[in-house]
Q: 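Handing you a structure now.
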Amino acid sequence: MSDSEQELARDLGFLEAYTIGLGTMIGAGIFVLPSIAAEQAGPASMVSFFAGGLVSLLAALSLSELATGMPKAGGSYYYVNRALGPFFGSIVGWGMWAGLTFASAFYMIGFGQYLLPGLGQYVGFLSGWGQLGITVAALVMAALLTGVNYYGVKETGALQNVIVLTLVGLILAFLGLGIVSEPTIQNFNPNGWPAVAATIGTVYVTFIGFEVIATSAEEIKNPSRNLPLAMIAAVVTPTLMYVGVMYVSTGTLSIGALATSQIPVADVATEFMGSLGALLMIVGAVLATVSSANASILSAARVNFAMGRDRILVNWLNEVHNRFRTPYRAISATGVVTLVLIAVGVGVGTLAEVASFMYLVTYALVHIAVVVLRRADPETYNPAFEIPSVLYPIVPILGFVACLAILVQMSFIVQAVGSVIIVFGVLWYFFYARDRALSESLVGEAIAPKPTPMASREVGYRVVVPVANPETERDLLRMAAASAHAHEDVHAEIIVVNVIEVPRQTSLSQDLAFEEERVERQRELLNTARNIAADLDIGLQTRAIAGRNAGPAILDVIEEENADHVVLGWQGTRSRHEHILGSTIDPVIGRAPCDATLVKLGPEDGRGEGDIMVLAGGGPHAPIAARRAAEFVAAADDESSLTLFNVQSPETDGDEDVSPTKRGEAVISELVERAGIEYMSYETRVAVAEDTEQTILEAAEEYDTICVGATRSGAISQAVFGSLPETIGEEVSQTVVMARGPEESPMSVRQALLQRLEV
């Protein structure tokens with residue numbers, strides 16, 4: 001990786017990516033569409049849902065290859081724009097944005113239906129509002145969600161995961177109890193197979209959720225595995241649920257009763273789950289519609305950004321708010337259009353069908369993009385996941401034909417609205433984007449594919465150093481260089497990392513495009529690091545990252561680089577609330593699978609130099625601290641000294657022949673051997689005292705740097721290193737170095753499952 005390349009942190013594992021897609025797909029679709037689908041195709045509408053799932057599965061395979069080949073924000077828009085050029089990019093970009101706004105309005109109408117007619121059965125003041133009340137409730141919630149994303153509330157991501165898991169539980173309970181009640185299907189296909197085919201277009205809005213996963217491809221860990229798995233799982237899971245819900249619904253209520261219901265799933269649940277079960281389904285529907293709309297608003301803003309990055313859309317729309325760090329104009333525009341669609345009274349079925357229409361057009365072009373990129377094979381296209389050879393080109397061809405087949409079956413009004421949006425995209429290209437767009441079509445190059453070379457990388461001893469403060473950068477790098485120089489026989493180097501933290505509402509690369517001040521500061525830090533490394537005569541690599549959370553981003557770098565050591569700065573204060581040492585430090589120190597050194601820098605003179613004291617004890621990490629101290633002395637001038645200090649209790653401990661001083665000297669000798677620093681010149685110092693902690697604190701005042709090893713291992717509980725090292729770090733004014741070896745504590749079952757899912 002080049003020093004100047006900007007990286008985006010991969011914060012999303014399989015579960016996060018899966019729930020992002022599932023959260024959009026298990027929304028208004030499963031709670032509102034049963035009435036619309038049953039009216040159009042009767043019980044055979046379950047075939048429509050199943051067919052929609054198969055079409056989506058084909059699109060998911062194509063999108064998985066594209067997203068791992070070019071993991072950029074913007075999803076389908078980006079791939080089509082790169083493969084087919086800005087003409088089709090403009091069509092797909094505007095189509096996706098329009099589809100997401102129509103879908104958001106659809107979800108909000110569903111929210112209003114379940115909130116008022118639904119909860120109105122149980123809460124008096126919510127009843128009797130009629131269609132006007134549903135519209136007002138939808139408008140209020142849409143405005144609220146727009147505001148939440150405008151202000152960048154961080155908790156929305158965690159809340160969405162909870163909502164998704166709750167919904168899955170509710171729907172499984174609905175299906176289980178519903179099937180046990182033995183539903184009976186009377187007339188399976190009352191309106192014929194053409195109606196079943198047309199219904200696919202109506203219900204397809206429920207399957208656009210996996211596209212949200214592709215728009216977040218830059219942020220997914222191990223995308224070659226997690227991205228296709230998350231997409232496929234996000235399609236298969238709701239498909240089976242939709243088919244099951246339609247089977248139970250059409251077999252429990254008559255088609256007439258189901259078609260006229262505004263809260264179909266709740267009405268069905270009443271038959272075999274009672275009023276309590278119906279209430280649970282209503283609450284689930286309210287949560288689901290909010291979750292779906294929130295995800296759609298986020299995705300729409302990211303499509304806007306991707307279009308602006310390619311100069312197809314005016315970049316003014318994508319400006320990031322100075323305070324909230326969110327693309328407030330793009331979010332506001334999406335919210336305003338959603339509010340207008342709700343306010344003018346567009347029917348809930350029409351909203352769903354237009355959203356479906358635009359995404360079917362998009363996926364048809366996505367399948368073409370796969371073939372073009374496979375043939376053209378540009379340098380920037382290197383998919384970690386490829387459609388299996390036995391399925392290529394069957395998948396993209398069949399997917400393209402299936403999308404077109406559904407489109408031609410849709411109603412005239414929907415085709416007309418969709419065509420207007422497509423024409424708008426075409427006109428936008430000719431009158432605005434044609435002379436500004438950066439990309440060009442690869443269709444011509446697809447005729448003659450070219451191979452691309454693969455690069456290799458040398459392996460050696462690596463020390464990762466996260467930097468954020470220019471005032472401490474030089475000292476941290478100098479201390480890291482001391483450790484690296486001790487391993488010069490295996491080509492040691494330092495890897496300097498700086499992370500720009502970005503709110504979840506903002507695309508990572510979008511923030512970088514508008515955060516000129518922070519990006520420039522990051523660039524200056526890394527340029528300074530290169531100059532420092534040259535002075536220290538040590539190899540250097542820089543990693544400039546944008547991510548949601550600095551701690552996990554640093555951990556990813558440690559794992560990717562197979563680092564042997566990580567050095568972090570610390571201010572010397574502790575918090576007993578959310579974090580112990582700091583939000584960035586805690587996860588790194590607690591989970592880094594390598595040596596970890598935490599440095600609290602004291603006065604400028606004597607930082608890792610001068611007189612250095614090691615707290616010599618029998619703990620498992622004491623040798624690591626002694627080794628760090630020896631490295632500092634070896635790298636410093638001749639005036640530096642090393643003292644190994646041990647405190648013993650005056651009690652004889654049952655062995656009257658061995659004095660406390662002798663015991664202390666034996667501990668020091670054993671430590672020197674364990675640390676492998678016999679080659680060093682050092683002094684020994686043993687103190688005999690009742691109060692060990694106070695004695696250490698008083699002795700520390702005589703030295704420039706104090707090195708101490710962690711006193712506890714395993715997971716973080718009340719502290720990271722142990723109470724004594726942290727007390728020293730907090731109370732001693734000199735430079736304090738706290739060290740531990742690789743974290744080797746046994747994983748809990750939860751940790752093991754999460755790690756397995758994120759591999």
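All values derive from a computational prediction rather than experimental measurement. Below, all heavy atoms of this structure are taken into account, side chains as well, without hydrogens, waters or symmetry copies.
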Q: Quick one: pull up CG in L61 and CG in L66 and give me the separation to the nearest 0.5 Å.
A: 11.0 Å
Q: What is the minimum heavy-atom distance between G418 and M358, and which atoms define it?
A: CA-SD, 3.8 Å
Q: Heavy atoms only: give me the nearest P238-A233 pair and the separation to one decimal.
A: CD-O, 4.0 Å
Q: Taking the side chain as every heavy atom from C-beta outward, state whether I171 and I30 have any pair of such atoms under 4.5 Å apart.
A: yes
Q: State, to 0.1 Å, how close A259 and E39 come at their nearest heavy-atom pair, and which atoms those are.
A: CB-CB, 3.6 Å
Q: Any non-hydrogen side-chain atom of I397 less than 4.5 Å from a side-chain atom of H367?
A: no
Q: Determine, stepwise, if the pair I368 / F88 fulfils side-chain contact (heavy atoms from CB on, under 4.5 Å).
A: CA-CA 11 Å; I368 296 176; F88 289 101; over 6 Å; no
Q: Under 3.5 Å, side-chain donor or acceptor atoms of residues 180-190 against the rest of the protein: list the pairs with distances, not counting sequence neighbours.
A:
unit_1	atom_1	unit_2	atom_2	d
S181	OG	G178	O	2.5
N189	OD1	G192	N	3.2

Q: Could you give me the CA-CA distance, side-chain angles and deciding distance for S45 and Q40, then say whether side-chain contact (heavy atoms from CB on, under 4.5 Å) is met?
A: CA-CA 8 Å; S45 55; Q40 292 182 354; over 6 Å; no
Q: Please answer whether the main-chain N or O of L287 pairs with a side-chain N or O of S291 as donor and acceptor at a distance below 3.5 Å.
A: no
Q: Is the closest side-chain heavy-atom distance between L33 and F106 below 4.5 Å?
A: yes
Q: Report the distance from atom CG of L365 to atom OG of S62, rounding to the nearest 0.5 Å.
A: 12.0 Å
Q: Report the distance from atom CE of M96 to atom OH of Y77, rounding to the nearest 0.5 Å.
A: 10.5 Å
Q: Looking at every heavy atom in both S356 and M410, which two are closest together, and how far apart are they?
A: CB-CE, 4.3 Å
Q: When rounded to the nearest 0.5 angstrom, what distance separates CD1 in I263 from CG in L115?
A: 11.0 Å
Q: Going by the salt bridge (charged side-chain N to carboxylate O under 4.0 Å, His left out) test, which pairs reach into residues 98-107, not counting sequence neighbours?
A: none
Q: Taking the side chain as everything from C-beta on, heavy atoms only, tell me whether S249 gets closer than 4.5 Å to F174.
A: yes
Q: Please tell me whether E271 and T252 have a donor and an acceptor in their side chains that are separated by less than 3.5 angstrom.
A: no
Q: Using side chain to side chain contact (heavy atoms under 4.5 Å, CB included) as the criterion, point out the one residue from V361, V426, V354, I91 that pairs with I421.
A: V354
Q: For the residue pair Q409 and Q415, what are the closest heavy atoms and their distance?
A: N-NE2, 4.4 Å
Q: Cut-off 3.5 Å, no hydrogens considered: what does the side-chain donor-acceptor table look like for residues 331-351, sequence neighbours left out?
A:
unit_1	atom_1	unit_2	atom_2	d
S332	OG	Y328	O	2.6
T334	OG1	W97	NE1	3.0
T334	OG1	A330	O	3.0
T338	OG1	T334	O	2.8

Q: Would you say the rings of F102 and F357 are close, in the sense that their centroids are separated by under 6.0 Å?
A: no
Q: How long is the gap from CG on L119 to CD on Q113, to the nearest 0.5 Å?
A: 13.0 Å
Q: Can you check whether F49 reaches T206 side chain to side chain, under 4.5 Å on heavy atoms?
A: yes
Q: Please find out if less than 6.0 Å separates the ring center of Y359 from that of Y363.
A: yes
Q: Can you check whether V286's main-chain N or O pairs, donor with acceptor, with T289's side chain at less than 3.5 Å?
A: yes
Q: Using side-chain hydrogen bond (donor to acceptor under 3.5 Å, both in side chains) as the criterion, list what pairs up with T135, not counting sequence neighbours.
A: none
Q: For a 4.5 angstrom cut-off between non-hydrogen side-chain atoms, does T270 reach S275?
A: no
Q: According to the interplanar angle, ranging from 0 to 90°, do the rings of F207 and Y242 count as parallel (below 30°), tilted (30 to 60°) or perpendicular (above 60°)?
A: perpendicular
Q: Taking side chain as C-beta onward, heavy atoms only, is V268 less than 4.5 Å from M281?
A: no
Q: In Å, rounded to the nearest 0.5 Å, how long is the span from CG of L407 to CD1 of I200?
A: 11.0 Å
Q: Provide the closest heavy-atom pair for A103 versus I208 in the form atom of the first, atom of the second, distance.
A: CB-CD1, 4.0 Å
Q: Decide yes or no on side-chain hydrogen bond (donor to acceptor under 3.5 Å, both in side chains) for S35 and Q262, but give the supporting numbers first.
A: CA-CA 7 Å; S35 59; Q262 290 183 308; over 6 Å; no
Q: Let me see the working for Y204 and S48 under side-chain hydrogen bond (donor to acceptor under 3.5 Å, both in side chains), right down to the final yes or no.
A: CA-CA 9 Å; Y204 196 75; S48 302; over 6 Å; no
Q: Side-chain contact, heavy-atom cut-off 4.5 Å: L227 with F14?
A: no
Q: Considering residues at least two apart in sequence or located in another chain, which fulfil the side-chain hydrogen bond (donor to acceptor under 3.5 Å, both in side chains) criterion with T239?
A: none
Q: Got more than 12 heavy atoms from elsewhere within 6.0 Å of CZ, F50?
A: no
Q: Is a side-chain donor or acceptor of N149 paired with a backbone partner of L145 at a separation under 3.5 angstrom?
A: yes
Q: Of all residues at least two apart in sequence or in a different chain, which pass the salt bridge (charged side-chain N to carboxylate O under 4.0 Å, His left out) check with E65?
A: R374
